[in-house]
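Here's the structure, in structure tokens; my notes come after.
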2 protein chains.
Amino acid sequence: MTQRGYGQFCPVAKAAEIITERWTPLVIRELLMGSRRFNELRRGVPLMSPSLLSDRLKALERAGIVRQERANGHPEYYLTSAGQELRPVVEMLGVWGQPWVRSRVDEAELDVSLLMWDIRRGVRRRQGKRDGRIVVRFEYADAPRGKKHWWLVLDGGQTDLCLTDPGYSVDLRVVTDVSTMTKVWMGDIAFGEALRARKLQFEGPAKLKRSFPTWLSLSPFAGVERPER
Amino acid sequence: MTQRGYGQFCPVAKAAEIITERWTPLVIRELLMGSRRFNELRRGVPLMSPSLLSDRLKALERAGIVRQERANGHPEYYLTSAGQELRPVVEMLGVWGQPWVRSRVDEAELDVSLLMWDIRRGVRRRQGKRDGRIVVRFEYADAPRGKKHWWLVLDGGQTDLCLTDPGYSVDLRVVTDVSTMTKVWMGDIAFGEALRARKLQFEGPAKLKRSFPTWLSLSPFAGVERPER
DNA sequence: CGGTATCCCCCGCGATACTG
DNA sequence: CAGTATCGCGGGGGATACCG
């Protein structure tokens, strides 16, 4: 954004100088979503180069938005209170963007890894605790080689995501395609709707099939009303 | 911002692709503030080149945020309803930025023209109607040559701003410096405070002096609470 | 007044490799 | 895992002039 500033004292301008730099809103989004570690942040913005992420984190630190801390030897990035106050800004951005997104579901932007990473993050943990380990296997026929099969392992409140068979027996199989699962996660189509249209199939115990949609949490913007444009 | 997009389907990313491009938030701010004509917009973002402004307006039109219309022969730019829905975003940006601005009042960013333009826009019109024409002369000793004296002419609900004596008799003289007037307008210091500190002086009928602060409207963010950072 | 056209610089950022 | 280092290019955007 060649951010030399706008030369204006207006608060909108001053705020924009910092947080509307390229990638920065997305980095803040990741931090707001709870990502802490460098590579964790990277997974949320996979197309951003590591050096640029590093630059941005430093810029945000200088701006008083981010603070780096060490947790058992590892650096972690936290939002300061000033950073947390950006939540409404990012939220409004997403709320505004939701109808826009709906109008064009760009196939080129479908990204299984990103989707699965979001799903992993959103899983409501409590479920895992009640029923011991649960292993869900996602199968995307249309995903690129090496990204077709995903294992989501819920165990004792912890959630792991694997691209290689962790060896546990699979409790639930979800067979679908990237586009459908993305739309479901985005709130564009309802879970049951996808099932009925046979765009998404389930295999497993009835009880698990019933509870699955309750602990698979959708995008934070899935519920936003989307009036026609 | 080299806006090739972020390659993400997330609504925050999609929204950011459009409205966090360089200058765009400020252009939207100007439109939200009621600017309609091309050169009127330019005055709000004086450091932006006209070709770039033109580009951005077209991009915003393509994005469905702005619509160009012709009013008695002259092109005017309006926010569509999608564009108007950006008000909370820009507002939150300003509210967030206000404390940041306070911490550094960058002298280099003081701009009399911008300030006077903002003041002109904010003047509550009704006053002019009641009392016929009112001419206020602003005198900034520290302003650059040719920008020291400003005439604000309120006449029949219309407000004009001149850099050359329009010839009318002056009803009220305001003598101050750019930094002080900017701080007052930003809500950093109260009007009375500036008066008491003799950083700002008045000359004119007592009645007008009393009413002046009531129809000189301050920055939309003047009232925002600014906790220490 | 309301923009276009052009030119060119510069640096942001993408790519890739590498290190502690 | 958590970043740095380096390099090169592309094009964004600043400056300026000009046109309808």
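Just so we're on the same page: letters track the sequence lines, and every chain starts at 1.
The side chain of A/His74 contributes an N or O atom lying less than 4.0 Å from OP1 or OP2 of D/dA2. Taking 4.0 angstrom as the limit, A/Lys58 places none of its side-chain polar atoms (N or O) nearer than this to OP1 or OP2 of D/dA2. Phosphate contact (OP1/OP2 of D/dG3, side-chain N/O of A/Tyr77, threshold under 4.0 Å): present. Between B/Arg37 and C/dG2 there is a side-chain polar atom (N or O) within less than 4.0 angstrom of OP1 or OP2. The side chain of A/Trp23 contributes no N or O atom lying less than 4.0 Å from OP1 or OP2 of C/dG12.
Across its full length, the helix from C/dC1-D/dG20 to C/dG20-D/dC1 shows an angle of 50° between the axes of its 5 terminal pairs at either end, rounded to 10 degrees.
Counting non-hydrogen atoms under 4.0 angstrom, A/Glu76 reaches nothing in the nucleic acid.
Taken residue by residue, residues 39-54 of chain B places heavy atoms nearer than 4.0 Å to DNA chain C at B/Asn39, B/Pro50, B/Ser51, B/Ser54.
Annotation: ring pair (Phe, Tyr, Trp, His ring centres under 6.0 Å) contacts of B/Phe138 (sequence neighbours excluded): none. Contacts of A/Glu30 classified as side-chain hydrogen bond (donor to acceptor under 3.5 Å, both in side chains), with partners at least two apart in sequence or in another chain: A/Arg121. Every residue two or more places apart in sequence or in another chain was checked for a ring pair (Phe, Tyr, Trp, His ring centres under 6.0 Å) with A/Tyr77, and none qualifies. Taking the side-chain hydrogen bond (donor to acceptor under 3.5 Å, both in side chains) definition, one finds that A/Asp160 meets it with A/Gln158, sequence neighbours left out. When the side-chain hydrogen bond (donor to acceptor under 3.5 Å, both in side chains) test is applied to A/Ser49, the partners found at least two apart in sequence or on another chain are A/Ser51.
Applying the salt bridge (charged side-chain N to carboxylate O under 4.0 Å, His left out) rule to pairs touching residues 138-149 of chain A yields A/Arg137-A/Glu139, A/Glu139-A/Arg173, sequence neighbours excluded. The salt bridge (charged side-chain N to carboxylate O under 4.0 Å, His left out) pairs that include a residue from residues 68-78 of chain A are A/Arg67-A/Glu69, where partners are two or more places apart or lie in different chains.
A cation-pi arrangement is present between B/Arg43 and B/Trp117, with the terminal nitrogen or guanidinium carbon under 6.0 Å from the aromatic centre and inside a 45° cone about the axis.
Checking C/dG3, D/dC1, C/dC13 against the side-chain heavy atoms of B/Pro75 singles out C/dG3 as nearest. With D/dG14, C/dG3, D/dG3 as the candidates, the nucleotide lying closest to the side chain of B/Arg22 is D/dG14.
Counting to the nearest Å, the P atom of C/dC13 and the CD atom of B/Glu21 are 12 Å from each other. Straight-line distance from the CZ atom of B/Arg70 to the C1' atom of D/dG20: 12 Å, rounded to whole Å. Nucleotide C/dG3 holds its P atom 12 Å from the CG atom of B/Asp55, rounded to whole Å. Going from atom OH of A/Tyr6 over to atom P of D/dG13 covers 9 Å, rounded to whole Å.
Panel note: side chain A/Asp171, backbone A/Val136; no donor-acceptor pair is recorded below 3.5 Å.
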